[in-house]
Each structure stands twice: as C-alpha cells, then as structure tokens.
Amino acid sequence: MKNSKLTKILILTLTAALLACSAFAFGASAEGEAQNPEIEIAGRNVKYGATLAIQYAVLQSSVSDTATLEVYNGDPANGGEFKFSVKADAALCNDTVNGIEGPFYTYTVPGFAAADVCDEVYVFVKDGDNVSETMKYSPAEYFYERLFVDDVINPNDETETYQKALYLSYLEHAADAQDYFLNFLGKENVTLVTDRHFVNIVGGKVDGVCAGIYEPGSKVTITPDDASVKAWDITTYTIAADGTVTTATKTVAASAEVELTGHTTVEAGEIGAGMYYDVYGGVDYSAANAYIVAKDGYAFGTYNYSSSSFTGYTLYDKTTYETTDNRLHLNLATDPKDATNKVLWVHRHNVKDSVDFVLSNKKTGMTSGNCLVYETRFMLVDTTGITSVISGTETYDYIIDLQLSKTSGTTGAWAGSSGPVIGKIFAKINAEGGYTYYLSSNDHIDTSSTGGELKIGEWNTITIEVYDNGKEIQYVNGERINYKTVSTSGFDLDATYDSVLMNMRYGLTGGAGVYFDDTFVGFIDKECVAD
C-alpha cells in the first residue's frame, strides 16, 4: 500500500438493532381474503443474527465520494483475508467526532451476532491510489473503550450511570451467547468476553496497536511511541460482584514484561525508586567473577579504612571460610530465594578494625547528571555478631554505613578518601527481645520512626539519591523515608564522587553476613523534591 494521504479513521459509534418480532394468531385474515387451512405457520423464533454494526467516520474533505472501506478478517499486511468493500452511507454525519468537526462520510460494517462480539475486523479506506492507516476493532473493544477509556466504569453523572448498565449488560449477554452457541453447542473452548482483559495504551503499542483484548494472564511488552519514555504507569481495574470498582496503579520500566491481571490502562510514568536497575541495568552477579572485572564500569573489592588502602579482590569460599577469624569474606553464593540465581555474599568474622566492601563505580553511559543514584537489593542473613555491637544501655546502633567515595578509572583502584555518610543501617532491640533493622540517614535512628524497616531474611531494595545541591533522599522498597541535607555547599558530583563505599561495622566478636543483588550506581537528571 502507498503512504496514507487520508485523515485517520475515526470510530463513530456501534449500533445495535434488536431484530425481534411477535406473531399472534387471529380468527380471520385481512378483510376480504379467504383463509387456506393448508398453509401452516409451523413455529415462531427470534433470530440471533447480525445485531451489531461498527460505524467508521472519515472526514469528507479528505476523500472523494467513491472512496470505500476495505474490510479484512486479519491484518492485510500479514496475510489477512479480504472480506468485502463498503460504500459510504447515504447520509453525511455533521457531528463533531473525537474533537474533529465534520461533515464525515460514514461506513457501516454489519454482521456481528452477540456470540461474535470478540471477532476482530481490520479496515482501511481506499480512495483511488491513496489508502488510510489500517485499524483493528471489535464490538467487545467498543464496549470496553466506553467503560474504561471514557471512564464510564466510574460514572460521574446520571447519563453515564445508565450507559454503564447498558454496556455491562450487553457484555454479560454476549458472554452467555458465547457460552451457549460456541462452548456448549459448538464444543469449543472460548474464553468469554467477560473473562478477557481490555488494555488501552496512551503513547505506546503492543503488537502495533494501542488497544486490544487479551486472554487473562497474558504477558505483553509495551513499545513506547517516544524513545524518551522510560516507564509506564499500569492501572488495573477490579470489579466486585456488587459492581464496586477499585483500581491499583504501579510503575514499571518501559522494557518490562507486564502480566495482565485485569482490565488495564497504561500511560507514561516517571522512573522512581526501586526501578533504576530495571530501567538502566547494572550488575546482577549472575556470572562468576562478574563483579571482579570492570563489568559495565563496576568494580568490587575490599578497602581497609584504618590504613586507607585498597586490598584487592581476595575471594573466600563460603563454606570453608565463613568462620575464619579476621577476614572479610567475599564471593558469589546461591540466592536463598531462588536456586537458579547468584548473588554477592559478604561475610565478616571477628574483624578487629573497620573494613569496607563493595566499591562500586558509576555505570558506563550514566556518567553525568545532577543526581547520583545508588540502588541495590539487600538481604541480612546472618546476625550472630549483632549483640557485640548492641551492648550495655545502648538499645540501637549502626551495623553498616554507606559513604560517597572516589575511585580511579574502572579497575577499582582506590584514589582518595571516602566522602560523607549518606546512609546507615541500624539494629534496634524490639519488644520481643530480638532486633528490628532500619535504613536511616541520622547518626542514630529516630526511635519513633517506623519508616525504613528492613526484613531479615528477605530481599529489600535500598535506593539513595544524592543531588548536586547537597540534598539526599532515601527509599526502602520504593517508599520514600528520609530527606536531608548532606552538604550545605553542594556537590560537584560528576568530577568528584562517583561511587558508593559500604563499611561493615558489626561482627567485632562474631560473624555477620549480607547478600547483594541487582546493583545500580549511576548519574541521572532528576528534580529534587523536598518533603
């Protein structure tokens, strides 16, 4: 087909004609006409036939009066079968359609019984050598668009209340027709229209279209129309038996595979805490020695804080060395939550001075921006050394701190002293006599705070954003918990600080261990929003 020179096809309306009539027997026929008893009316019935018709509107000024609507049962660009051509209806439409003023030619595609409500047609307008875009549509999509795109599912006035009842009742009727004619009589296994999920996407497409109806549990990847879109806001609707509608919205990376669990609307969203690794990548520790080489600009090793020396990449086997004294043990381990996944294991046992670990360079390709992001999944798995830190009358103290730091190149060589502390992980004695763990930005955790709690033995996503204006924002599992000033004079982040150094303080008279996975360190441009 040649490139389109026509106005985009507009879906005007869906008309429903209920073809039902009644017959009653009377004692006599029309006056003067004799009855013939041999003529017998054997029965009466209502035909379940072509009760639905899709209408399309095409701007009159964009086509000639001989233009036709070409109808296919599949994508004509991929072998779809031609069904028929439709001429314009006799009367023009002078309404405003989707914000566009008419007049319009209208084209009507009939032939949809209730059981065929999910049947899709592909159409385009042909006017001599010019053609429009191809549009896919179905009666079911019409009803779902009216409900979820027009937001009639949450009626705001009396008209919408009646519309909602009409659209939902027809979908229920169509589902009953599918169940009877297709599944029962036809011995098919059709997913009913009321069990399928409608998806509408603003600013993106799935399989080349911006809306469609999918089998429940389908997984789709949405392609943005604009490459600058890095995330999607996914809103899922749940309709209870009493008609109550609830919604839940989550933000995912634009490249993420989305599982459809209900009727869904999709709009461009903003990348936030907990998403940086998904969007920009980083290190997942899935391959042996992946963190030792300068993979994607990252390097990892141990640094002796007291002597200001980088001690290199000494690795210790987890089974053999986890009880060896005076060591920071570093290696890969099996994810306790997923036997197929590898994670970074860091274990400290009876180390007498402070030893830092996980020296992470900024990510290649993410080397400029007003905000330095450190994000990692973190699991505290062994706490045998915690009691040596929490002693006497002190009921809480930090066990790990995080600092901005400097590195040289991508080899992990130490190039200077550490910078300001940007976060601490605290252990606090709880009412049950055990310990609760928190991410905090203070020297000591605010004992009244409930934010930033970390679950032991579970994966927690820690995100810290440090801005060039000297401000810092912390998150745990995507929830914002702290906002503070790190430097009153601000930071020259690009030129000075390019990594995050973590110091394990606990384990002075015992062992303690943590796991890391999915680590991102890099620069982005992002507005710093205060509390």
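Model, not experiment: these values are computed from the prediction. Values below: all heavy atoms of this structure, side chains included; hydrogens, waters and symmetry mates excluded.
The distance from the CE atom of Met275 to the OG1 atom of Thr251 is 6.0 Å, given to the nearest 0.5 Å. Rounding to the nearest 0.5 Å places CZ of Arg377 at 5.0 Å from CG of Asp518. Here Glu375 contributes atom CD and Ile462 contributes atom CD1; the two are 10.0 Å apart, rounded to the nearest 0.5 Å. Interatomic distance, SG of Cys210 versus CD1 of Ile201, reported as 7.0 Å (0.5 Å rounding). Note that OG of Ser85 is 8.0 Å distant from CG of Leu69, once rounded to the nearest 0.5 Å. Note that the CG atom of Asn78 and the OH atom of Tyr122 stand 8.5 Å from one another [nearest 0.5 Å].
Side-chain contact check for Val58 versus Tyr107: some heavy-atom pair is nearer than 4.5 Å. Looking at Val521 and Leu372, their side chains come closer than 4.5 Å, going by heavy atoms from C-beta outward. Side-chain contact between Val245 and Lys164 is present, with heavy atoms from C-beta onward closer than 4.5 Å. Side chains of Tyr280 and Val373 form no contact here, defined as non-hydrogen atoms less than 4.5 Å apart. The shortest distance between side-chain heavy atoms of Ile54 and Pro139 falls below 4.5 Å. Taking the side chain as every heavy atom from C-beta outward, Leu147 and Leu171 approach each other to under 4.5 Å. Counting heavy atoms from C-beta on, the side chains of Phe112 and Val121 come closer than 4.5 Å. The shortest side-chain heavy-atom distance between Ile239 and Ile153 falls under the 4.5 Å cut-off.
In this structure, Phe143 and Tyr167 have tilted ring planes: the angle between them lies in the 30° to 60° band. The aromatic rings of His263 and Phe148 lie tilted to each other, with the angle between the two planes from 30° to 60°.
Taking a 6.0 Å sphere around CG of Asp157, one finds it holds more than 12 heavy atoms contributed by other residues, nucleotides or ligands. In this structure, Glu527 places its CD atom where only 12 or fewer heavy-atom neighbours from other residues, nucleotides or ligands lie under 6.0 Å away. Within a 6.0 Å sphere centred on CZ of Phe84, other residues, nucleotides and ligands contribute more than 12 heavy atoms. Heavy atoms of other residues, nucleotides or ligands lying less than 6.0 angstrom from CG of Asp226 number more than 12. Around atom OH of Tyr180, no more than 12 heavy atoms belonging to other residues, nucleotides or ligands sit under 6.0 Å away. More than 12 non-hydrogen atoms from other residues, nucleotides or ligands lie less than 6.0 angstrom from CD of Glu215. Applying the 6.0 Å contact sphere to CD of Glu259 captures more than 12 heavy atoms from other residues, nucleotides or ligands. Crowding of Glu257 atom CD: a count of heavy atoms from other residues, nucleotides or ligands under 6.0 Å exceeding 12.
At distances below 3.5 Å, not a single donor-acceptor pair connects side-chain atoms of Thr191 with backbone N or O atoms of Arg196. Between the side chain of Asp233 and the backbone N or O of Glu267 there is no donor-acceptor pair closer than 3.5 Å. Not one N or O on the side chain of Asp335 forms a donor-acceptor pair closer than 3.5 Å with the backbone of Val343. Using a distance-only test at 3.5 Å, with no hydrogens or angles considered, a donor-acceptor pair links the side chain of Asn370 to the main chain of Lys526. Proximity of a side-chain donor or acceptor of Thr264 to a complementary backbone N or O of Gly262 within less than 3.5 Å is detected. Between the side chain of Gln474 and the backbone N or O of Ile422, at least one donor-acceptor pair lies under 3.5 Å. When atom types are taken as modelled, the side chain of Lys126 and the backbone of Gly128 share a donor-acceptor pair closer than 3.5 angstrom. Put simply, the side chain of Tyr72 never gets that close to the backbone of Ala77: no donor and acceptor are under 3.5 Å apart.
In this structure, Arg146 is positioned above the aromatic face of Tyr142, its NZ or CZ under 6.0 Å from the six-membered ring centre and within 45° of the axis. Remark: Lys187 is positioned above the aromatic ring of Phe184, its terminal NZ or CZ atom under 6.0 angstrom from the ring centre and at most 45 degrees off the axis.
Residues Val529 and Ile473 come closest through the heavy atom pair O-CD1, 3.6 Å. The shortest heavy-atom contact between Thr134 and Pro76 is CG2-CD, 4.0 Å. Closest heavy-atom contact between Tyr105 and Ser64: CE1-O, 3.9 Å. Between Val193 and Ala140, the shortest heavy-atom contact is CG2-CB, 3.7 Å. In terms of heavy-atom proximity, Val476 sits nearest to Gly452 at CG2-CA, 3.7 Å. Of all heavy-atom pairs between Asn94 and Pro103, the closest is OD1-CB, 3.1 Å.
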Practice item. Take Lys342 and Thr334 through the side chain to side chain contact (heavy atoms under 4.5 Å, CB included) test and state the conclusion after the steps. Key: CA-CA 5 Å; Lys342 294 294 185 182; Thr334 300; 3.5 Å; yes
Point to revise | Test log, rule side chain to side chain contact (heavy atoms under 4.5 Å, CB included), inputs Val206 and Tyr214 | key: CA-CA 11 Å; Val206 174; Tyr214 295 85; 3.4 Å; yes
Point to revise | CA sep, side-chain torsions, deciding dist, call: Lys337, Asp517, side chain to side chain contact (heavy atoms under 4.5 Å, CB included) | key: CA-CA 12 Å; Lys337 300 294 183 179; Asp517 200 10; over 6 Å; no
Review point. Can Asn154 and Asp151 be said to form a side chain to side chain donor-acceptor pair (under 3.5 Å), step by step?
Key: CA-CA 6 Å; Asn154 293 299; Asp151 202 29; 3.3 Å; yes
Exercise for review: Take Gln60 and Phe104, measure what side chain to side chain contact (heavy atoms under 4.5 Å, CB included) needs, and give me the verdict at the end.
Suggested key: CA-CA 5 Å; Gln60 182 191 29; Phe104 298 92; 6.0 Å; no
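Centroid-to-centroid, the aromatic rings of Phe516 and Phe378 come within less than 6.0 Å.
For the pair Lys136 and Asp75, the salt-bridge criterion is not met [side-chain N within less than 4.0 Å of a carboxylate O].
Among pairs with a residue in residues 78-91, none fulfils salt bridge (charged side-chain N to carboxylate O under 4.0 Å, His left out), at least two apart in sequence or across chains.
Checking Val266, Thr236, Val199, Ile234 one by one against Val258, the side-chain contact (heavy atoms from CB on, under 4.5 Å) holds for a single residue, Ile234. Only one option out of Tyr483, Tyr374, Tyr276 pairs with Glu465 in a side chain to side chain donor-acceptor pair (under 3.5 Å); it is Tyr276.
If you check the side chains of Gln55 and Thr108, you find a donor sitting under 3.5 Å from an acceptor.
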